[in-house]
Amino acid sequence: MLETLRRIIQEVNLASDLEQALNIIVTRVKEKMCVDVCSVYLASESQKRHILMASDGLNPGSIGKVWLEFGQGLVSLVAERAEPVNLEDAPSHPRFFFLAATKENPFHAFLGVPIMHHRKVLGVLIVQQRAMRRFLEDETAFLLTIAAQLAGAIAHAEVSGGISGIGGISSLPGSVADGISLKGLPGAPGVAIGTALVVYPPADLDSVPDRQTPPADLELEVSCFRDAVDQAQSDIRTLQTRLKTVLSSEDQALFDAYLQMLGSASIVDDVIERIRNGGWASSALRDTIANHVRVFENMDDPYMRERAVDVKDLGRRILMCIQKGRHNPPPYPERTILVGNEITATMLAEAPVERLVGVISAKGSSSSHVAILARALGIPAVVGVQDIPVSRMDGRELIADGYNGLVYVAPSEQIRREYERLARDEAELVAELEELRDLPAETPDGYRMPLYANTGLLSDITPSLRSGAEGVGLYRTEFPFMIRDRFPSEDEQYRIYRKLVEEFAPRPVVLRTLDVGGDKALSYFPIVEDNPFLGWRGIRITLDHPELFLVQVRAMLRAGAGYGNASILLPMICNISELDEALFLIHQAYRELREECEQVTKPSIGVMIEVPSLVYQIDAVAQRVDFLSVGTNDLTQYLLAVDRNNSSVASLYDSLSPAVIQAIKLVVEGAARHQRPVSVCGEMAGDPRAALLLLGLGVDSLSMSASSLSRIKWVIRNIERSKAQALLADVLLLETAKEIRSYLDEVLIAAGLGGLVRAGGK
Ligand code: PEP
Ligand code: MG
């Protein structure tokens with residue numbers, strides 16, 4: 001059973017459009033379940049009907065032409081109930097509706113299961129039989145499993161089909177005349193209108209995109225592919241020679257098999273043919289390898305099935321060689337919207353800033369690092385767009401609405417005009433906000449709330465300085481570690497931190513010690529874990545490697561020498577012992593530097609409150625350090641048990657959740673008992689709604705992406721502290737994040753600050 005499921009799902013995932021995907025499903029299910037009919041009806045929200053989209057067993061002429069209105073027939077019954085309906089004799093059921101257009105006499109046995117995607121019924125999968133019989137429990141379970149597993153693939157194919165205009169589905173949701181709109185999550189505020197450039201990790205065949213235009217010189221493309229194959233052959237020979245002494249002759253045979261495959265006409269000729277038909281070497285290779293993998297995976301002999309892995313490996317090797325041979329950067333369009341399955345810091349950093357207008361990532365949530373970086377660069381971003389068919393997006397015209405987390409593919413003239421207007425309003429708002437740059441962040445009733453910048457990239461200093469930040473509230477030191485191929489030395493680190501400290505002096509600069517692990521990886525220090533966010537991360541790594549920690553702390557202490565404006569912040573502390581150990585090491589570094597006659601001063605030390613356990617030990621923490629900084633990105637993730645990068649659960653991730661607000665309240669109250677200042681440095685601090693609450697809660701300062709600073713300053717300068725305190729009292733009575741969000745939106749709109757929470761809004 002499992003094997004059949006696996007094969008069907010694989011085939012469906014490889015389907016090029018919805019029609020093909022659905023045909024595979026109905027044929028395979030009918031075959032496997034030995035029934036007379038298997039059909040799929042898909043819901044069309046706009047037409048309020050379920051349309052017969054594929055069938056094996058019903059009259060082929062009725063596909064796409066036959067439907068049941070919502071509420072009509074057994075198909076609707078399955079959709080309404082969102083559960084299986086299993087009937088021995090369907091025609092005798094009161095909801096039975098005979099579809100004469102299928103030109104079939106009624107079937108008796110009926111089993112229908114809903115196809116659910118993100119809580120929505122996409123359609124209904126049905127099997128029927130002429131004879132009267134009740135379907136077995138096993139059969140129901142099989143059909144339910146197929147439907148559950150296929151929902152994502154169907155949603156995906158539906159969007160792809162809509163995008164490439166593949167026939168038969170124009171009546172379906174997602175393919176409306178306005179172009180395709182896809183729902184993701186707000187990543188960074190703003191609106192971007194531009195052309196998609198798909199970026200993908202090297203040597204990853206699955207993410208190789210289709211290109212809109214064929215290569216200019218097909219023969220050149222063929223020869224580039226041949227060179228890559230030669231290179232791959234020679235790499236494999238080198239590997240084989242290197243491992244000759246360690247591998248048995250049977251094991252070495254694997255390399256011979258690889259070489260044979262590379263030498264055989266089947267793969268090479270197939271790719272060349274695809275190129276000559278107008279394909280790019282990489283995408284031609286992707287499709288050829290996918291076909292070969294499918295053939296091997298469908299073999300009954302388990303040994304032969306395993307060979308699919310070898311074919312994939314071989315494909316990756318050739319791709320690597322193709323990519324090595326191309327030194328040219330991708331052709332960034334005039335107004336580039338970067339699109340990727342998972343956009344990384346380096347992909348963003350590589351794009352020329354003057355051309356980059358937007359970012360769309362299939363993975364991630366509003367607090368994942370791609371969103372943080374986009375905000376730092378002031379570029380609108382939509383993340384967690386799960387249904388975006390990345391490989392088909394290159395060269396498409398797109399709109400990214402970073403306020404609402406929406407993406408429009410090939411938008412209609414009307415939508416485009418509307419967004420152009422919003423973008424103009426947005427530009428006006430930014431210009432207005434610019435005027436606030438040198439004004440203090442002070443409420444109308446005279447309360448000062450310093451606003452600091454979060455930085456990490458060197459190129460980030462200028463926007464932070466220009467944004468009117470009163471200092472750096474969080475310097476994420478991991479970026480300089482991520483862009484190298486080894487740990488930076490003490491002097492290298494010193495130079496980076498010193499530049500920052502000098503540029504901002506006398507304004508404060510908070511340097512956070514290395515916080516890698518989780519979703520921040522160092523290529524030269526790989527960490528493979530099942531649960532990276534609960535694993536070896538942040539201070540846990542640096543305490544296990546005091547040699548790395550001490551080098552970093554020494555560089556930080558030296559960077560602050562003579563200026564006295566640098567402090568040290570410790571990430572991911574989860575208990576008091578860790579804190580004590582870290583403090584001990586910082587004092588050791590300080591002592592040693594003094595012994596070496598460096599003019600360092602005792603640093604001010606802070607702790608990030610981002611693991612919930614510290615909220616409940618806030619007194620013990622506050623007694624030991626000079627300041628506290630609430631990392632709401634991780635605090636939300638750990639309090640709510642929602643992976644901050646997982647788009648499947650991203651709707652549950654909300655820093656405005658009452659639990660998060662109560663936790664921050666406990667921290668502020670605890671810190672006040674020991675006269676310690678509290679800052680909030682998570683992305684929450686840059687959300688105008690949250691800023692109102694944090695002002696009311698009595699947080700001492702906020703630190704955020706430079707691009708959010710003026711927006712938050714606008715809030716602070718327009719809302720009295722007393723008003724923020726009063727609205728906090730109301731919010732503390734609300735029980736859901738949704739209620740809190742709409743309450744705060746109303747407050748902002750009533751205060752004339754609606755433009756901060758919706759595109760072009762006043
Ligand atoms: C946080 O967790 O809120 C934070 C500021 O740190 P990072 O986003 O780098 O994990
Ligand atoms: Mg964190």
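When a ligand or atom number is given, it counts from 1 through the structure's own listing order. Please read all numbers here as calculations on a predicted model, not as lab measurements.
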Among Arg676, Arg624, Arg673, the one residue meeting salt bridge (charged side-chain N to carboxylate O under 4.0 Å, His left out) with Asp619:
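So the option named by the test is Arg673.
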Between Tyr494 and Arg558, is there a cation-pi geometry (under 6.0 Å to ring centre, at most 45° from the normal)?
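The answer is yes; both the distance and angle limits are met.
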By atom name, which N, O or S atom belonging to Glu610 lies closest to the Mg ion (ligand 2)?
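Within Glu610, restricted to N, O or S, the Mg ion (ligand 2) is closest to atom OE1.
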Can you tell me which N/O/S atom of Asp634 has the shortest distance to the Mg ion (ligand 2)?
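Nearest N/O/S atom: OD2.
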Atom 6 (O) of ligand 1: nearest protein contact (heavy atom, Å):
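For atom 6 (O) of ligand 1, the nearest protein heavy atom comes out as Arg512 NH1, 2.9 Å.
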Residues Arg721, Glu442: salt bridge by 4.0 Å N-O rule
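Judged by the 4.0 Å cut-off on N to carboxylate O distance, Arg721 and Glu442 do not form a salt bridge.
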Have a look at ligand 1 and work out which part of Glu683, if any, has a heavy atom under 4.0 Å from it: side chain, backbone, both or neither.
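It is neither; nothing of Glu683 touches ligand 1.
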Counting only heavy atoms not in Tyr616, do more than 12 sit closer than 6.0 Å to its OH atom?
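It does not: Tyr616 OH has 12 such atoms or fewer within range.
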Inspect the surroundings of CD in Glu354 and state if more than 12 heavy atoms from other residues, nucleotides or ligands are less than 6.0 Å away.
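Yes, CD of Glu354 has more than 12 neighbouring heavy atoms, counting only those of other groups under 6.0 Å.
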Atom 3 (O) of ligand 1: which of Asn454, Val630, Asn633, Leu474 has the nearest heavy atom?
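It is Asn633 whose heavy atom sits nearest to atom 3 (O) of ligand 1.
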Any heavy atom of [X] closer to ligand 1 than 4.0 angstrom?
{"X": "Gln637", "answer": "no"}
{"X": "Arg537", "answer": "yes"}
{"X": "Met684", "answer": "no"}

Heavy-atom check, side chain of Cys681 versus side chain of Asn454, under 4.5 Å:
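The answer is yes; the side chains approach within 4.5 Å.
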In this structure, is the centre-to-centre distance between the rings of His545 and Phe487 below 6.0 Å?
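Between His545 and Phe487, which both carry aromatic rings, the centre distance is not below 6.0 Å.
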Distance-only N or O hit between ligand 1 and Thr632, under 3.5 Å
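Thr632 vs ligand 1: N/O contact under 3.5 Å present.
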So that I can check it, does any N, O or S atom in Asp515 come closer than 2.8 Å to the Mg ion (ligand 2)?
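Short answer: no, not a single N, O or S atom is under the cut-off.
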Enumerate the atoms of ligand 1 whose separation from the nearest heavy atom of Cys681 is less than 4.0 angstrom.
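Taking each heavy atom of Cys681 in turn, ligand 1 has 5 (C) under 4.0 Å.
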With a cut-off of 4.0 Å, which atoms of ligand 1 are near a heavy atom of Arg476?
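Checking each atom against Arg476, I get 4 (C), 5 (C), 6 (O), 7 (P), 8 (O), 9 (O).
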Which distance, rounded to the nearest 0.5 Å, do you find between the CG of Leu635 and the CD1 of Ile609?
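That separation rounds to 8.5 Å.
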